[in-house]
There are 2 protein chains.
Amino acid sequence: MALSHTILALLSKQPDSGYDISKHFDEELSCYWKATQQQVYRELGKLTKNGWVNFEAVPQAGKPDKKIYCITEGGWRELTRWYTEPTEPTPIREDLLVKVLIGHKMPRQLLVNEVKHRQQIHSAQLKEYREIETEYLSRDSLGNSDRDLEAQFKYLTLKRGIAYETSWLSWCEDVMAMVNNLEGEGKSKG
Amino acid sequence: MALSHTILALLSKQPDSGYDISKHFDEELSCYWKATQQQVYRELGKLTKNGWVNFEAVPQAGKPDKKIYCITEGGWRELTRWYTEPTEPTPIREDLLVKVLIGHKMPRQLLVNEVKHRQQIHSAQLKEYREIETEYLSRDSLGNSDRDLEAQFKYLTLKRGIAYETSWLSWCEDVMAMVNNLEGEGKSKG
DNA sequence: TTGACATATCCAACATGTTGAGTATACTTT
DNA sequence: AAAGTATACTCAACATGTTGGATATGTCAA
């Protein structure tokens with residue numbers, strides 16, 4: 001039940017609508033949590049039932065009504081309870097690795113295309129993260145205020161994203177090197 | 001539907017029972033795919049319905065009967081069809097990062113404990129991988145046989161596991177450094 | 001004016017993953 | 001002799017994630 005706690009964590013920062021929470025997931029949270037709009041709305045319904053959040057309907061001129069959700073006292077209790085529980089690493093599921101595993105049985109070019117495709121994705125993502133990092137690092141030096149502390153912890157999550165993308169890129173290069181090496185051997189023999 | 005293709009990929013190497021497939025997931029596949037015994041059995045049922053695998057019941061002396069599953073021609077077609085489809089990176093969901101995100105609102109020690117816990121997990125996993133790697137690298141040099149090729153591709157998947165654990169460990173150190181730095185500041189002011 | 005895009009929410013169906021229990025047999029340890 | 005571990009499969013219920021659509025309004029560009 002970690003999606004619920006991620007939403008609680010967001011609402012612990014400030015009240016927000018389902019729509020905007022969902023946008024957070026698409027944007028700055030995307031490096032460690034993905035959720036569709038559907039999931040967010042469904043989960044907010046459950047959180048409301050549990051009494052961990054409540055909402056106020058806000059009519060808007062020219063736009064559909066909003067529901068602004070707030071974390072409740074019970075929500076805070078649940079969030080802190082969860083915070084004391086140890087978390088385990090998320091199980092991994094990676095199609096690409098399965099493709100590599102049977103790489104010897106499939107046309108080499110298909111695998112090469114896949115790896116190149118992934119290289120593009122990961123380097124584009126890394127570039128984005130690096131831009132955010134540059135912006136962060138160019139700010140005035142940080143103090144001890146709550147806001148500055150918040151920014152520092154957020155930066156740590158960004159660093160995780162950077163480490164993740166970097167490790168993928170270096171692995172992609174390993175794969176390409178190995179495959180190129182095979183090609184070379186093949187040529188020297190044929 | 002990637003679990004189904006992972007099972008097909010395993011069966012493309014050799015026929016196997018559900019029980020043994022499930023053990024593969026716990027062992028050498030664990031660095032890029034996790035699945036419970038339950039999932040494996042359920043998925044084998046679906047694969048059988050689709051005609052992608054079939055099985056033969058094998059009575060055993062002193063043990064329960066086995067069902068040995070084989071990939072069919074249709075299964076091969078499906079596996080190669082899947083192989084030509086581009087795969088996208090798996091969406092990430094990491095509780096620990098959510099905890100870091102609200103680190104400024106929670107007792108510092110809780111986060112420190114979490115990070116230390118993860119350091120232990122990742123370094124234990126890395127150690128395991130390194131042992132397998134050492135074993136692999138100490139083998140006679142590899143040729144061009146199908147078996148040697150298979151081993152090389154498998155090594156690439158191991159390398160991914162090593163890169164993954166390594167990147168977690170270096171991130172954990174970043175977090176600890178940042179938190180220790182905060183402690184220092186706090187002390188110098190108090 | 002038509003279509004694309006953004007705001008804002010909700011429903012239904014399905015796929016996938018998790019958890020716990022149930023049914024057997026046989027070997028090993030206490 | 002009892003308890004634990006390993007083999008081997010099955011059912012049920014639930015949690016979580018995915019996909020496609022429905023409902024509404026408003027802005028902007030072709």
Side-chain angles (χ1 to χ4, degrees), chain A residues 1-8 15-27 29-30 32-50 53 55-69 82 87-95 98, chain B residues 1-8 15-27 29-30 32-50 52-53 55-69 78 82 87-95 98:
Chain A
M1 297 224 272
L3 173 57
S4 54
H5 295 102
T6 306
I7 292 175
L8 283 180
D16 224 339
S17 69
Y19 187 82
D20 287 324
I21 290 170
S22 163
K23 279 211 296 188
H24 289 308
F25 279 104
D26 287 343
E27 290 159 14
L29 254 76
S30 69
Y32 50 94
W33 207 282
K34 315 245 173 176
T36 62
Q37 218 181 33
Q38 252 347 281
Q39 281 178 275
V40 171
Y41 282 122
R42 182 169 55 182
E43 205 63 36
L44 281 170
K46 286 187 200 168
L47 292 173
T48 306
K49 263 190 195 167
N50 287 342
V53 302
F55 65 88
E56 203 186 336
V58 178
Q60 296 192 117
K63 287 181 191 174
D65 290 1
K66 265 189 185 186
K67 284 183 179 176
I68 299 291
Y69 287 86
W82 168 76
T87 57
E88 302 304 312
T90 305
I92 301 167
R93 292 181 180 94
E94 274 292 348
D95 300 44
V98 178
Chain B
M1 295 224 273
L3 174 57
S4 54
H5 295 101
T6 306
I7 292 175
L8 284 180
D16 223 338
S17 68
Y19 188 83
D20 287 324
I21 290 171
S22 163
K23 280 212 293 189
H24 289 308
F25 279 104
D26 287 343
E27 291 158 15
L29 253 75
S30 69
Y32 49 96
W33 208 281
K34 315 246 170 172
T36 61
Q37 218 182 34
Q38 253 346 283
Q39 282 178 275
V40 171
Y41 283 123
R42 183 170 54 183
E43 205 62 35
L44 282 169
K46 286 186 199 169
L47 292 173
T48 306
K49 265 191 194 167
N50 287 342
W52 294 342
V53 302
F55 64 88
E56 204 186 337
V58 178
Q60 297 192 117
K63 285 181 195 174
D65 290 0
K66 264 190 186 185
K67 285 183 180 177
I68 299 290
Y69 287 86
E78 175 56 23
W82 169 75
T87 57
E88 302 303 314
T90 305
I92 300 167
R93 290 179 182 96
E94 274 292 348
D95 300 43
V98 178

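All values below were derived from every heavy atom in this structure, side-chain atoms included, with hydrogens, water molecules and symmetry-related copies excluded. Lettering of chains follows the sequences in order, A, B, ..., and the numbering in each one begins at 1.
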[atom1] of [X] versus [atom2] of [N]: gap in Å, rounded?
| X | N | atom1 | atom2 | answer |
| --- | --- | --- | --- | --- |
| A:Glu43 | C:dT9 | CD | P | 16 Å |
| B:Lys49 | C:dC14 | NZ | P | 13 Å |
| B:Leu3 | C:dC14 | CG | P | 20 Å |
| A:Asp16 | C:dT7 | CG | C1' | 14 Å |
| B:Gln38 | D:dC11 | CD | P | 10 Å |
| B:Tyr41 | C:dT19 | OH | C1' | 17 Å |
| A:Asp65 | D:dT23 | CG | P | 18 Å |
| A:Gln37 | D:dT19 | CD | C1' | 13 Å |

Measure from the side chain of A:Lys46, starting at C-beta and using heavy atoms only, and say which of C:dA8, C:dT19, D:dT16 lies closest.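 Given the options C:dA8, C:dT19, D:dT16, the side chain of A:Lys46 is closest to D:dT16.
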Side-chain touch A:Leu44/A:Ile21, heavy atoms, less than 4.5 angstrom: yes
Comparing A:Arg42 and B:Arg42 on DNA chain D - which has the more 5′ nearest nucleotide: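 By nearest-heavy-atom nucleotide position, the 5'-most residue is B:Arg42.
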Stretch residues 19-27 of chain A: residues that reach within less than 4.0 Å of DNA chain C through a heavy atom: A:Tyr19, A:Lys23
Tell me, yes or no, whether the heavy-atom count around A:Glu56 atom CD, taken from other residues, nucleotides or ligands under 6.0 Å, exceeds 12. no
Sequence neighbours left out, what passes ring pair (Phe, Tyr, Trp, His ring centres under 6.0 Å) with A:Tyr69? Give chain and number order. A:Phe55
Under 3.5 Å, is there any donor-acceptor pair linking the side chain of B:Arg93 to the base of D:dG17?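 Looking at the base of D:dG17, it does not pair with any donor or acceptor on the side chain of B:Arg93 (distance under 3.5 Å).
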Students often get this wrong, so: under 4.0 angstrom with heavy atoms, is B:Lys34 touching a base, only sugar-phosphate, or nothing?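 Touches nothing.
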side-chain contact (heavy atoms from CB on, under 4.5 Å) partner of B:Ser22, chosen from B:Gln39, B:Gln37, B:Gln38: B:Gln37
Report the C-alpha distance between A:Asp20 and A:Lys66 in whole Å, list the side-chain angles of each, state the deciding distance to 0.1 Å, and finish with yes or no for side-chain contact (heavy atoms from CB on, under 4.5 Å). CA-CA 10 Å; A:Asp20 287 324; A:Lys66 265 189 185 186; 3.6 Å; yes
Taking 4.0 Å as the cut-off, does a side-chain nitrogen or oxygen of A:Gln39 come that near to OP1 or OP2 on D:dT18? yes
Quantify the bending of the helix from C:dT1-D:dA30 to C:dT30-D:dA1 as the angle between its end axes, each fitted on five pairs, to 10°.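 The angle separating the two end axes equals 30°.
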Show the numbers, then the answer: is there a side-chain contact (heavy atoms from CB on, under 4.5 Å) between B:Val40 and B:Tyr19? CA-CA 8 Å; B:Val40 171; B:Tyr19 188 83; over 6 Å; no
